[in-house]
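Read the structure below first, then the notes.
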Amino acid sequence: MCGIVGYVGENNAKDIIIDGLKKLEYRGYDSSGIALNIGGKLVVRKCKGRISNLEEMIAGENLFATAGIGHTRWATHGAPSDLNAHPHTNGDNTIAVVHNGIIENFVELKEWLSRDYGVEFRSETDTEVIAHLIGIYYNGDLLDAVYKAVDKMRGAYALGVVCAAEPDKIVAVRKDSPLVVGLGNNCNFIASDIPALLKHVRSIYLIENNEVVLLTKNEVKLFNAERKPVHRDVFHVTWDADAAEKEGYDHFMIKEIHEQPKGLYETLHRRIGEDGIIRLDGITMTKEDIERFSKVYIVACGTAYHAGLVGKYIIEKLAKIPVEVDVASEFRYRDPFVDDKTLFIAISQSGETLDTLAALREAKRKGARVLSVVNVVGSSVARESDDMFYTWAGPEIAVASTKAYTTQLMCMYLIALYMGAGKGVLSRAEYDEYLKELGELPELLQKVLDQENKIHDIAKKLYKSQQVFFIGRGLDSSVAYEGSLKLKEISYTNSFAIAAGELKHGTIALIEQDTLVIALATQDFLFEKMLSNIQEVKARGAYVLGLAKENNREIERQSDQVIYIPECRDELTPILSVVPLQILAYYVAKLRGCDIDKPKNLAKSVTVE
Ligand code: F6R
């Protein structure tokens, strides 16, 4: 997904911007570029491919400037190409723009600009329209021109704009696409994401929708849509800059897999008071509110949706309230039954997934109370919700989500307990027991991580499989979906997950000699049933990798290989059982030589439809 970095100060803008763009590589991109103001002229360099291509392109050029903007692009309008890469400029190259998001009325604007102003377009992008619009409105005041241009635009955008005639300024705008400002000494920054700035600043302004920012090296001014000055409290980033680096691991994904005990610990322990009661900071629901809800909707995409599947099971069990789970791209277009007695829970690592955001807005419009479970502080989903619950997984860089998922699960348990206790359907003894067992999970998870070498060995045997089936029952089927997604997205193995009881209704036709089946059998009360399902596929020649709790050794008789997770109550297994599947996917992808942290065709944050 696209990334923006801008700098105005006294040092070499080119190096600072390129360095910042590299910190955003994890978002996925297909081209990159930079615009620098050198001696009153805008110098733009951009090209398709990795940032290293851009570096090669400008190596040897003297491009010293103290202000500029840079971009990593992920194609939406127009294929990845040198011409479509950002920044885009107006006709006489006096205005340059970088843009994240989509301009919905760009075709209309393009026609108008060509017809009435004779503008000739050089790219296929919607962004180029913005540069021309600002250009035609420019009359010696960049801020004014940006306001006028924005007035004409519909859609989602974070913009960084520079102007040849105002060499010491950047103007930035945000609407439905993230934007932050970094506050330095004799320098200031813009970025689409905080990690791009961590090397330089810790003091940040989180820019709100429809705000416009004017930056010079000594000043940052924020204005609202009516051009009135806005005050913003400084947000102090406490993350360690190293948290965004690999810390000796080969990939961010495996580093993040290992960070899960810490993520779980943080997500849980900071929220339990001395009296043993959960304090959900950011959640203001009262007992009366909870009692009023007649239904819960959990809506999300991808891995976050899979966390929602577990959430449904747990909330229904502990809080005794019906829960529906839906993928956001379906929910937003199907006129779901939502009213003011509905609790809508949005789950999102990035907090910027467009479908999730649109579903949230739809639910809000219909009167639902909106609670979001989000990892990125200050993200759009968090800000537009009535109640927020941060996952505290820390920055997740690998495209494949791992620690966000397990911390999302932890949040599901905490919400279920909070609601169950609030409604009075969960006894204090049960509540205390659950909390105690949740507290033990980080340690149990470490025991799963300690089996990494064994799982690596299993991966060596299985990595050439062309087709893999994940099966499970109850909570195991929800985890099967996540295990399958991990494997397919990073190793490009054709994998498929199905509730084990459904196999015989069609899918079993695909099982033949040596087909790999990964069978999750961690639910004690469904264990016998799973053994029968394993027998069914074994009878057709499948090679079975079983996953069970360590006391259920009988599975060894039915399976070719087995991975065990520590004993815990059935309801809590998903946090443990997903981890061997994450590690397996990681090593299969590694053995297949895949680009693990940046799988093809995928982006970390999907801010377009
Ligand atoms: C898969 C993955 C995606 C995301 C999905 C939602 O590993 O990461 O499926 O879970 O794109 O993203 P967020 O959680 O940012 O809304």
Side-chain angles (χ1 to χ4, degrees), residues 1 26-28 74 176-178 192-193 195 251-254 256-257 260 263 298-311 325-332 345-361 370 372-385 388-409 411-412 478-479 481-493 495 497 578-579 581-586 588-589 594-609:
M1 200 55 52
Y26 67 90
R27 289 167 61 87
W74 190 68
D176 292 336
S177 194
S192 50
D193 296 75
H251 298 92
F252 281 113
M253 182 180 176
I254 191 73
E256 288 161 6
I257 287 173
Q260 291 180 105
I298 306 181
V299 177
C301 303
T303 288
Y305 165 73
H306 297 154
L309 294 176
V310 175
V325 194
D326 210 345
V327 287
S329 53
E330 289 297 315
F331 179 94
R332 64 181 288 198
I345 304 180
I347 309 179
S348 177
Q349 187 285 127
S350 62
E352 301 295 345
T353 302
L354 190 75
D355 281 325
T356 306
L357 199 54
L360 177 159
R361 287 175 183 156
V370 173
S372 63
V373 174
V374 171
N375 194 38
V376 178
V377 175
S379 56
S380 305
V381 169
R383 286 194 292 183
E384 295 195 23
S385 302
M388 286 157 292
F389 194 6
Y390 287 117
T391 40
W392 287 335
E396 192 178 64
I397 308 290
V399 164
S401 191
T402 53
K403 60 179 181 170
Y405 173 77
T406 42
T407 52
Q408 283 160 357
L409 294 187
C411 293
M412 292 295 112
S478 309
V479 179
Y481 289 118
E482 177 55 12
S484 170
L485 178 65
K486 283 291 90 83
L487 186 67
K488 78 177 77 154
E489 71 177 324
I490 60 165
S491 76
Y492 318 137
T493 305
S495 80
V578 75
V579 177
L581 306 182
Q582 295 169 342
I583 299 174
L584 185 72
Y586 172 78
V588 167
C594 302
D595 191 354
I596 294 179
D597 285 335
K598 297 188 201 86
K600 65 179 183 208
N601 304 337
L602 294 179
K604 183 67 186 160
S605 166
V606 185
T607 53
V608 290
E609 200 171 347

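Remember, it's 1-based here, ligands and their atoms both numbered in the order they're listed. No experiment lies behind these values; they were computed from the predicted model shown. Each residue takes its place number in the sequence, starting with 1.
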Legend entry - N or O pair under 3.5 Å between Thr353 and ligand 1: yes

Legend entry - Part of Val399 with heavy atoms under 4.0 Å of ligand 1, whether side chain, backbone, both or neither: backbone

Legend entry - atom 4 (C) of ligand 1 - nearest protein heavy atom and its distance: Thr303 N, 4.0 Å

Legend entry - salt bridge (Lys or Arg N to Asp or Glu O under 4.0 Å) assessment of Glu384 paired with Arg361: CA-CA 8 Å; Glu384 295 195 23; Arg361 287 175 183 156; 2.7 Å; yes

Legend entry - Interfacing atoms of ligand 1 (cut-off 4.0 Å, heavy-atom, Gln349): 13 (P), 14 (O), 15 (O), 16 (O)

Inset, instruction - Would you mind checking which non-hydrogen protein atom is closest to atom 5 (C) of ligand 1, with the distance to 0.1 Å? - result: Cys301 O, 3.5 Å

Legend entry - For the student: nearest non-hydrogen atoms of Gln260 and Val579, plus distance: NE2-CG2, 3.9 Å

Inset, instruction - Please state whether the rings of His306 and Tyr481 are parallel, tilted or perpendicular, taking 30° and 60° as the class boundaries. - result: parallel

Inset, instruction - Using a strict 4.0 Å cut-off to heavy atoms of Ser348, name the atoms of ligand 1 that fall inside it. - result: 13 (P), 14 (O), 15 (O), 16 (O)

Legend entry - Atoms of ligand 1, numbered as shown, that sit under 4.0 Å from any heavy atom of Ala304: 10 (O), 14 (O)

Inset, instruction - Check each heavy atom of Glu489 against ligand 1 and say whether those closer than 4.0 Å belong to the side chain, the backbone, both or neither. - result: side chain

Legend entry - Heavy-atom check, side chain of Glu256 versus side chain of Gln582, under 4.5 Å: no

Legend entry - Rounded distance (nearest 0.5 Å) linking atom CD of Gln349 with atom OG1 of Thr303: 10.0 Å

Inset, instruction - State the atoms of ligand 1, each with its element, that fall below the 4.0 Å cut-off from a heavy-atom position in Lys486. - result: 1 (C), 7 (O)

Legend entry - Side chains of Val578 and Glu482 in contact at under 4.5 Å (non-hydrogen atoms): yes

Legend entry - Close-contact set for ligand 1 against Ala400 heavy atoms, below 4.0 Å: 7 (O)

Inset, instruction - Return the residue, atom name and 0.1 Å-rounded distance of the protein heavy atom closest to atom 11 (O) of ligand 1. - result: Val606 CG2, 4.2 Å

Inset, instruction - Taking only heavy atoms of Ser350 into account, list the atoms of ligand 1 that are under 4.0 Å away from them. - result: 13 (P), 15 (O), 16 (O)

Inset, instruction - With sequence neighbours excluded, tell me which residues meet salt bridge (Lys or Arg N to Asp or Glu O under 4.0 Å) with Glu352. - result: none

Legend entry - Expected output: side-chain Gln408 to main-chain Ala307 donor-acceptor under 3.5 Å: no

